[in-house]
Amino acid sequence: MRAGRGRTVVITVIIAVLLAAGYTAYAANRVYQSLESGRRDLAGAQASMAAAARTGDPGQLSAAATQLKHAVLDFDEANRRSTADPALRLVGGIPAAGQQIDASAHLAAIGGDMSRAGEGAATVAIQLAALKQKYAGRPLGADDLQAVLEEAQTIARTYSASTRAIGEQLRAAHAEREQVTATDLLAPLRDAYDQVDRALAEADTAFLRYQDVKQVLSDFLGVRLPA
């Protein structure tokens, strides 16, 4: 009888361990799915922003803004689950597994920071695109150019807080990136960090460009604005 009770306890423990392992796999997969969804939205938004930088198409910019909102939600969900899910935190106590989970959390934080920075850039770019539509397609005289410049300066003043926020978000993303050594990560995470490094470099370049509102507008219109 005692042996039977012993077997029952062992079986119960085994089932509990298997259930815990199953939930941990489920939680890890949810993190992966959120990261992948956020990555797709962020990459799509960056492509739309790059195209709009050449064309000034407000439709592309609006699409990018929507994708960035979705990306923020996905990355925030991945970060929340990576840092707060009890099963993942328990597994995180194992050094090898913990390193991968922490890297996933940092990856999610980087994605969220970059997506928020992109939202700020899209907000400014949409205003500039509207200004382009107002003046594009007709010759611009000296008075027109001066008017464009004044409106561009108004946009720059109005959205100066957005511009500062972009810089802060990118600095936060770089700070997260510095906390991860990618060489010790599993191949999928290593690849993800390779993509992050490229995306951060592109975001830095784009930020420098969008800081100069007058130059962006000059590029949109194909004219040189007065100093």
Side-chain angles (χ1 to χ4, degrees), residues 31 34-54 56-58 60-80 82-83 102-129 152-153 155-183 185 189-220:
V31 170
S34 295
L35 285 172
E36 180 61 16
S37 180
R39 183 198 64 79
R40 285 196 301 268
D41 282 327
L42 179 56
Q46 286 181 314
S48 295
M49 293 278 286
R54 297 187 296 272
D57 181 0
Q60 290 175 314
L61 292 169
S62 295
T66 299
Q67 289 172 309
L68 288 164
K69 288 183 186 300
H70 292 160
V72 167
L73 293 175
D74 287 329
F75 285 126
D76 283 353
E77 170 61 16
N79 193 11
R80 183 197 65 76
S82 295
T83 56
D102 287 344
S104 297
H106 286 301
L107 186 63
I110 292 168
D113 289 332
M114 291 184 63
S115 299
R116 291 183 182 90
E119 284 186 297
T123 298
V124 177
I126 286 170
Q127 299 304 311
L128 292 175
Q153 289 171 335
I155 291 173
R157 287 193 297 270
T158 303
Y159 292 97
S160 60
S162 294
T163 303
R164 287 195 300 274
I166 294 169
E168 291 168 2
Q169 296 291 351
L170 289 179
R171 285 191 292 274
H174 279 287
E176 292 282 350
R177 177 64 184 90
E178 289 171 2
Q179 296 182 57
V180 179
T181 302
T183 52
L185 300 179
L189 270 177
R190 265 202 320 273
D191 292 342
Y193 271 94
D194 287 341
Q195 294 176 27
V196 159
D197 291 338
R198 291 193 293 271
L200 275 173
E202 292 173 9
D204 290 339
T205 300
F207 174 56
L208 291 174
R209 182 174 181 276
Y210 275 98
Q211 279 184 303
D212 189 345
V213 172
K214 186 181 79 171
Q215 185 57 52
V216 173
L217 192 56
S218 293
D219 294 343
F220 274 1

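Residues take their numbers from the sequence shown, with the count starting at 1. In this text the structure is predicted, and so the values were computed from the model without any measurement.
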*Asks:* List the atom of Arg177, the atom of Ala182, and the distance in Å for their closest heavy-atom pair.
*Replies:* NH2-CB, 4.1 Å
*Asks:* Could you state the interatomic distance from OH (Tyr193) to OG1 (Thr183), rounded to the nearest 0.5 Å?
*Replies:* 12.0 Å
*Asks:* Closest approach of Met49 and Ala121, non-hydrogen atoms and distance?
*Replies:* CE-CB, 3.7 Å
*Asks:* Would you call Ser62 and Thr66 a side-chain contact if the rule is heavy atoms closer than 4.5 Å?
*Replies:*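 Counting from C-beta outward, Ser62 and Thr66 never come under 4.5 Å.
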*Asks:* Report the distance from atom CG of Leu107 to atom CZ of Arg39, rounding to the nearest 0.5 Å.
*Replies:* 10.5 Å
*Asks:* When rounded to the nearest 0.5 angstrom, what is the spacing between CG in Leu61 and CD in Gln127?
*Replies:*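 Here the interatomic distance stands at 10.5 Å.
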*Asks:* What are the two closest non-hydrogen atoms of Ser162 and Gly120, and how far apart are they?
*Replies:*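 Result for this residue pair: CB-O, 4.4 Å.
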*Asks:* Measuring from Asn79:CG to Glu176:CD, what's the distance to the nearest 0.5 Å?
*Replies:*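 Here the rounded value is 7.5 Å.
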*Asks:* Might you point out which heavy atoms bring Val72 and Gly112 nearest each other, and give the distance in Å?
*Replies:* CG2-O, 4.4 Å
*Asks:* If we ignore hydrogens and angles and just use 3.5 Å, is the side chain of Arg171 paired with the main-chain N or O of His174 as donor and acceptor?
*Replies:*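 Pair absent, no side-chain N/O of Arg171 close to backbone of His174.
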*Asks:* Are Asp76 and Arg116 within salt-bridge range, i.e. N to O under 4.0 Å?
*Replies:* yes
*Asks:* With rounding to the nearest 0.5 Å, note down the distance linking NE2 in His70 to OG in Ser115.
*Replies:* 11.5 Å
*Asks:* Checking Gln67 side chain against Ala45 main chain: does a donor-acceptor pair fall under 3.5 Å?
*Replies:* yes
*Asks:* Rounded to the nearest 0.5 Å, what separation is found between the CD atom of Glu202 and the CG atom of Asp197?
*Replies:* 11.5 Å
*Asks:* Would you call Arg40 and Glu36 a salt bridge, taking side-chain N to carboxylate O under 4.0 Å as the test?
*Replies:*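 A salt bridge is present here (some side-chain N lies under 4.0 Å from a carboxylate O).
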*Asks:* Could you tell me if the side chain of Met114 sits less than 4.5 Å from the side chain of Gln46, heavy atoms only?
*Replies:* yes
*Asks:* What's the shortest heavy-atom distance between Leu42 and Ala71, and which atoms?
*Replies:* N-CB, 4.1 Å
*Asks:* Which heavy atom in Ala103 sits nearest to a heavy atom in Val180, and how many Å separate them?
*Replies:* CB-CG1, 4.3 Å
